[in-house]
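If you're wondering where the values come from, they're calculated on a predicted model, not measured in any experiment.
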Amino acid sequence: MWKSGTLLLLLLWLASGELQQETEPRRLPPPGKLNFGYVPAGVYETLAHYEPGPIGILFHMVHAFLYAVQPNAFPHDLIVKLAKDKFGAIQTEYQKAIYYEIGFLVCAAVGLLFTILMPIVGLFFCMCRCCDNCGGEMHQRQRKNADCRRGLLGTLLFSTSLVITIGVLCAYAANQNLSSQVKNVRRLVNSNMRDLHTFANDTQMQIDYLISQYATAKNKVIYDLDHIGPLLGGRIHDQLDKEVRPALDQVLNMAGAMRETKEALESVNASLEVLQDGTGKLSLNLGQVRTSINRTLNDPGCHDEDSDATTAQLCRNIRQSLSQLQISSNFTRLPDVNAQLEKMNDVLKTDLSAVVQRGFSSLNDTPHMVIEQTRSVVESVTNLVDSIGNNISSFSKALPVQSCLSNFTIFVNHVHARIEDYYPEIDKMDFYRWIGCIALCCMVVLVLAFNYLGLLCGTLGYDKHASPTTRGCISNTGGTMLMAGVGFSFLFSWVLMGVVTIIFLAGGNMEKLVCEPFHTKELFKVVDTPYMINPEWKNFIPGYMYNDSELELTTESLYSTCKKNQGIYSAMRLDKVFNISSYLNTTVFTKDVVSQLDSLKIDLRSIILLEAEGRQNLLDFSEAGLSEINYADYLEEVNKGVTVVDLLSFARELEAQTDLMPKSPLQSALKGHVGTLRQIHRQQIVPMEQSMSALNQSMRFLERTASDLPNKILAVLDAIKAAQFLISQNATHLINRESRKYTATIIGYFHQYIEWMKTSLAMEVAPCKPFSNVVDTAEIMACSFVVDSMNTFWMGLGCSTLLLLPSIILAVKLAKYYRRMDTEDVYDDF
């Protein structure tokens with residue numbers, strides 16, 4: 001089985017590949033995470049765990065007793081030395097062996113002494129009684145406390161018999177438990193065999209699943225190849241856009257400035273026309289108002305001697321302030337901007353915004369350009385991806401995995417059939433064992449039967465008025481039965497103790513040297529001791545299987561790995577046997593793919609950011625004559641204000657002075673002039689102030705725009721030139737960098753698939769739980785079924801056998817009070 005299993009494991013490793021880290025020639029950025037799903041796994045039905053149930057209490061008691069008998073630690077060094085020397089070192093190491101086994105030896109000595117002395121003592125006891133000694137004389141002295149002594153002896157014998165009964169029941173329960181568990185052996189064996197079949201049947205399916213999942217990586221690669229425009233072209237566009245967009249945005253800003261400049265020039269002309277026309281009308285109206293007010297002030301009310309001094313003074317003040325009623329700004333001297341406006345109209349005949357949008361469109365067309373220029377490379381890579389899938393599939397089909405699994409299945413069937421052939425022998429041997437154990441229990445039961453019947457008859461037949469010579473038949477029968485029990489005790493006890501001693505030595509040492517070390521894994525350490533099995537091999541398993549004893553593969557590591565249900569690949573360290581990394585090497589798989597993707601040639605020189613028409617348009621704008629405008633004259637006139645004095649303030653002051661005059665025609669006339677002034681302000685001053693504000697804003701905007709305009713235009717043109725140069729001449733580095741990232745992403749999908757396959761092979765394909773289950777099942781059958789049951793059997797039977805000694809003594813003494821005596825004392829000696 002070992003060699004066949006080894007062959008299977010090696011071939012499974014060939015099918016799965018080598019789990020080792022590869023050194024990739026390029027650093028892979030994390031591509032999109034691929035989901036390969038879960039490897040389909042069979043369900044192993046064997047539950048390699050045993051719960052003994054209520055009898056487990058007895059098992060724990062036995063373990064506690066054995067620990068008290070043998071508390072020493074597992075003798076690892078002693079066993080290793082004895083095993084290496086093939087027990088030749090026993091002559092020099094016997095003291096250590098005796099020290100370790102001292103507890104067992106003491107108990108065995110007691111049992112042996114019991115076995116030897118018991119028949120001898122029984123013989124002498126019989127001879128002594130035949131000579132009317134040792135209680136053989138049929139004479140009983142009469143004592144006052146006879147009833148008390150008889151009751152005490154009966155109680156003690158009953159209690160002792162009861163404890164013996166419990167021991168026999170424990171032995172019987174252990175015997176029955178072993179027989180019932182032997183019947184479960186077939187179920188456990190069948191379950192393990194089915195798991196081995198599941199292991200063989202599912203392995204090929206799992207390998208096929210790993211191969212089939214190449215389609216996941218392939219589909220993702222093809223998707224990225226089909227979308228190379230948005231993926232690669234989009235990345236290139238985004239990187240270029242960071243450098244190019246600011247230059248194009250500057251041109252767009254200039255286009256906006258052109259439109260605003262034209263609007264400002266138009267606003268200047270319109271405002272100037274309004275102001276020049278309004279200035280003439282306002283000057284005429286103000287002159288008329290001054291004349292009218294002067295005429296009013298010539299009223300006699302201002303000059304008569306009869307008029308009060310206040311009115312005369314007010315008239316003089318008003319007359320003096322009339323000189324302020326005149327215009328302040330002279331817009332007629334300012335020239336118009338028709339020449340500049342005409343040039344701007346010519347400039348705006350070219351739609352610079354549309355020219356810039358064509359540049360943006362040319363830049364945004366980068367993904368489409370990438371698609372067109374890489375079409376042949378994409379087709380070649382797609383064909384290579386299909387070829388890689390064919391290589392992986394053909395590699396799997398080339399290996400004889402299926403035939404090997406078939407051979408393993410045949411081997412398992414053969415072993416199962418051989419085990420089935422042994423079932424009748426096992427049942428027969430178990431039956432004989434069961435009969436033998438029942439016979440041993442029946443020996444004790446026979447003694448107990450005589451004890452219980454003797455107690456029953458002696459108790460029921462006792463007559464306190466009868467003398468020892470006149471006791472009844474029932475009482476006498478009880479005493480006779482007690483003595484019969486004594487006789488059978490002498491006959492059987494030494495046989496029972498001999499059997500108990502033998503089973504104790506075998507079962508106790510099995511528990512302490514095999515079962516307990518198995519659970520603590522000390523037993524594995526013994527097996528894994530370097531150079532123990534073969535002096536030339538450090539580790540036996542890799543030395544035997546791979547001829548490499550230095551490989552760290554031990555029985556414990558193999559068992560523990562399989563216990564965790566990991567793949568047989570990692571459990572057997574098959575990666576150190578055959579080197580087939582070329583089949584699972586990302587570089588080998590994708591060498592041609594990388595070569596094709598590295599040959600990508602992308603030319604972006606067809607991208608034109610700003611056509612010659614747009615450049616000329618910007619130059620024309622710089623030559624529009626904005627710098628020829630005399631902004632100082634315009635701003636000087638605008639800042640003067642419309643009139644010398646604020647007309648509303650003048651009207652309020654005039655009204656206030658008029659209110660101080662007495663009511664008269666003069667006052668009424670002056671109030672009329674106040675209304676006229678306010679009307680002039682509302683109808684002429686306000687519109688002119690609005691035009692002056694618009695003129696002020698327009699001129700200041702034009703002044704800002706014209707400030708260093710040629711240099712600004714040249715800076716914009718230089719930015720466009722630099723961006724165009726970047727695209728036409730220096731974009732190669734950018735394109736190569738993004739192409740490498742794109743290639744690394746594509747290769748990353750293959751890398752993900754290979755790494756997932758390796759991890760799955762190590763952890764999920766061919767999980768070797770059935771092999772650890774076989775070991776656990778063997779341990780359960782050997783330790784939990786056989787050793788624990790037999791240890792419980794000898795414990796129960798041994799306790800019962802030891803208690804036969806006090807039972808003999810008590811039965812002999814008690815029989816005196818039940819049997820009919822030949823003679824008796826009339827009076828008590830005391």
- Take Val786 and Met510, measure what side chain to side chain contact (heavy atoms under 4.5 Å, CB included) needs, and give me the verdict at the end. CA-CA 10 Å; Val786 178; Met510 279 289 292; over 6 Å; no
- Message: Test side chain to side chain contact (heavy atoms under 4.5 Å, CB included) on Cys783 and Asp788; report intermediate values, then the result.
- Response: CA-CA 6 Å; Cys783 295; Asp788 282 347; 5.5 Å; no
- Quick one: do Lys564 and Ser772 satisfy side chain to side chain donor-acceptor pair (under 3.5 Å)? Show the steps, please. CA-CA 9 Å; Lys564 298 175 184 176; Ser772 67; over 6 Å; no
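With sequence neighbours left out, the side-chain hydrogen bond (donor to acceptor under 3.5 Å, both in side chains) criterion links Thr216 to Gln213.
Across every non-hydrogen atom of Leu58 and Met795, the tightest pair is O-CE, 4.3 Å. The two residues Ala217 and Leu34 make their nearest non-hydrogen contact at CA-CD1, 4.0 Å. Looking at every heavy atom in both residues, Phe785 comes nearest to Leu178 through O-CD1, 3.2 Å.
The closest side-chain donor-acceptor pair between His416 and Asn190 falls under 3.5 angstrom. Judged purely by distance below 3.5 Å, without hydrogens or angles, the side chains of Thr554 and Ser557 pair a donor atom with an acceptor atom. Judged by distance alone, the side chains of Thr46 and Asn773 never bring a donor and an acceptor atom under 3.5 Å apart. Checking Glu516 against His63 by side-chain atom types alone, no donor-acceptor pair falls below 3.5 Å.
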Taking distance alone, no hydrogens or angles, what donor-acceptor pairs closer than 3.5 Å link side-chain atoms of residues 168-176 to residues at least two apart or in another chain?
| unit_1 | atom_1 | unit_2 | atom_2 | d |
| --- | --- | --- | --- | --- |
| Asn175 | OD1 | Arg433 | NH1 | 2.4 |
| Gln176 | OE1 | Trp434 | NE1 | 2.4 |

Just list the side-chain donor-acceptor pairs under 3.5 Å for residues 497-507, sequence neighbours left out, or say none.
| unit_1 | atom_1 | unit_2 | atom_2 | d |
| --- | --- | --- | --- | --- |
| Thr501 | OG1 | Met497 | O | 2.7 |

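Checked by atom type and distance alone, the side chain of Tyr44 pairs as donor or acceptor with a backbone atom of Pro767 at under 3.5 Å. When atom types are taken as modelled, the side chain of Tyr753 and the backbone of Leu210 share a donor-acceptor pair closer than 3.5 angstrom. Checked by atom type and distance alone, the side chain of Ser489 never pairs as donor or acceptor with a backbone atom of Leu804 at under 3.5 Å.
Salt-bridge annotation for Lys525 and Glu556: absent, with no side-chain N of the basic residue lying under 4.0 Å from a carboxylate O of the acidic one. Remark: Asp427 does not engage Lys183 in a salt bridge, criterion side-chain N to carboxylate O under 4.0 Å.
Shown here is Trp494, whose CH2 atom has no more than 12 heavy atoms of other residues, nucleotides or ligands within 6.0 Å. Residue Tyr423 qualifies as enclosed at atom OH: its count of foreign heavy atoms under 6.0 Å is above 12.
Proximity of Tyr214 to Phe750: side-chain heavy atoms (C-beta onward) are separated by under 4.5 Å at one or more points.
Phe518 has its ring centre less than 6.0 Å from the ring centre of Phe524. Taking the six-membered ring wherever Trp is involved, the centroid distance between the rings of Phe771 and Tyr559 does not fall below 6.0 Å.
In summary, of the residues considered (Lys769, Arg187, Arg194), a salt bridge (charged side-chain N to carboxylate O under 4.0 Å, His left out) with Glu45 occurs for Arg194 alone.
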